[in-house]
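Residues take their numbers from the sequence shown, with the count starting at 1. Worth knowing before you read on, the calculation uses all heavy atoms, side chains too, and leaves out hydrogens, waters and symmetry mates.
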Amino acid sequence: MSQREITNYKAVLFDAADTLLQAPSAVSELQHFLAEHAIHMEQEMIEPVVRQAIDEHYYGKTVDLQATCTPESDRQFWVNVYRSMFRNWGIEEHHHLSWSNRLYDRFTSSAPYTFFDDVLPTIERLQALGIEVGVISNFAPTLREIFIDLGMPIEKLNALIISTEVNVEKPNPAIFQLALTQTGLLADEILYVGDHPINDVEAPNLVGIDAVRIKRYTYQTGEGIAQFDQLFEPTIPCLRKGNRT
């Protein structure tokens, strides 16, 4: 653990999904999608299956640092997640592939998303302090359009690194090395903020970047801040110092 304040950094870079972007209607989106196909389920039946699939496939994902990230591999990953949900709900197998692809298209559009309330004010506050702002995200190439649709001034971002565009994804530390190249900053001049304990804390730490985990949801365990306002405290809480020699 290290003690630093926000003005010790020249840039703050963020994860996107579940850090900047929230999809509070994810379960209801799935409920509506199933209802469109004459399958009617209560949200209480949907939510635990969604949570299990995310825990197993996302948080419990086997890490392959040599894997290449592409739009196709990103689609395939999430199609597999959705197919696992359909299996748990007992939906007939012949629907799985086409329905999963439709869900992927839905969840990589701007339709389900909003920014958390503190996102745009935090970006403005950081930039007013002269601190650069950027994003490093494992996401489809549509992330740019999502940001624009939601009112993010992407022309003011000093870095926007999307895994499917640069062919490498977190937790591969190479994506954070790319951020150092794009920003022209040293590792100890950057703070990274995201929700995943491995992708967003351990991985940036490997290249010397300090990191803070944010926990947006009550089901998330472990240490982390709950709101971006905490980044502006005299000492940033839950800060994990990068591995620097």
So, does S109 use its side chain to make a donor-acceptor pair with the main chain of R106 at under 3.5 Å? yes

Would you say the side chains of H37 and R102 form a donor-acceptor pair under 3.5 Å? yes

Is Y58 reaching over with its side chain to a backbone N or O of A53, donor-acceptor style, under 3.5 angstrom? no

Taking only residues two or more places apart in sequence or in another chain, which ones pass salt bridge (Lys or Arg N to Asp or Glu O under 4.0 Å) with D188? none

Suppose the criterion is ring-ring contact (aromatic ring centres under 6.0 Å, His included): which pairs have a residue in residues 155-182, not counting sequence neighbours? F176-Y192

One thing to verify: whether R125 and D118 come together as a salt bridge, which I'm taking to mean a side-chain N less than 4.0 angstrom from a carboxylate O. no

For the atom pair CE (M152) and CD1 (I146), what is the distance rounded to the nearest 0.5 Å? 11.5 Å

Nearest 0.5 Å, what's the CD1-CH2 distance between I39 and W89? 9.5 Å

Derivation of the salt bridge (Lys or Arg N to Asp or Glu O under 4.0 Å) call for E93 and R87: CA-CA 7 Å; E93 181 76 26; R87 282 193 295 272; 5.2 Å; no

Between D210 and R244 (salt bridge meaning N to carboxylate O under 4.0 Å), is one present in this structure? yes

Can you tell me how far CG of N172 sits from OG of S163, rounded to the nearest 0.5 angstrom? 11.0 Å

Tell me whether Q177 contacts the main-chain N or O of P173 through its side chain, where contact means a donor paired with an acceptor under 3.5 Å. no

So, N138 side chain and E169 main chain: donor-acceptor pair closer than 3.5 Å or not? no

Around atom CD of E233, are there more than 12 heavy atoms of other residues, nucleotides or ligands at under 6.0 Å? yes

Once rounded to the nearest 0.5 Å, what's the spacing between atom CG of D18 and atom NZ of K215? 14.0 Å

Can D200 and R240 be said to form a salt bridge (Lys or Arg N to Asp or Glu O under 4.0 Å), step by step? CA-CA 11 Å; D200 301 327; R240 289 292 175 176; over 6 Å; no

Is the distance between the ring centroids of F33 and Y82 less than 6.0 Å? no

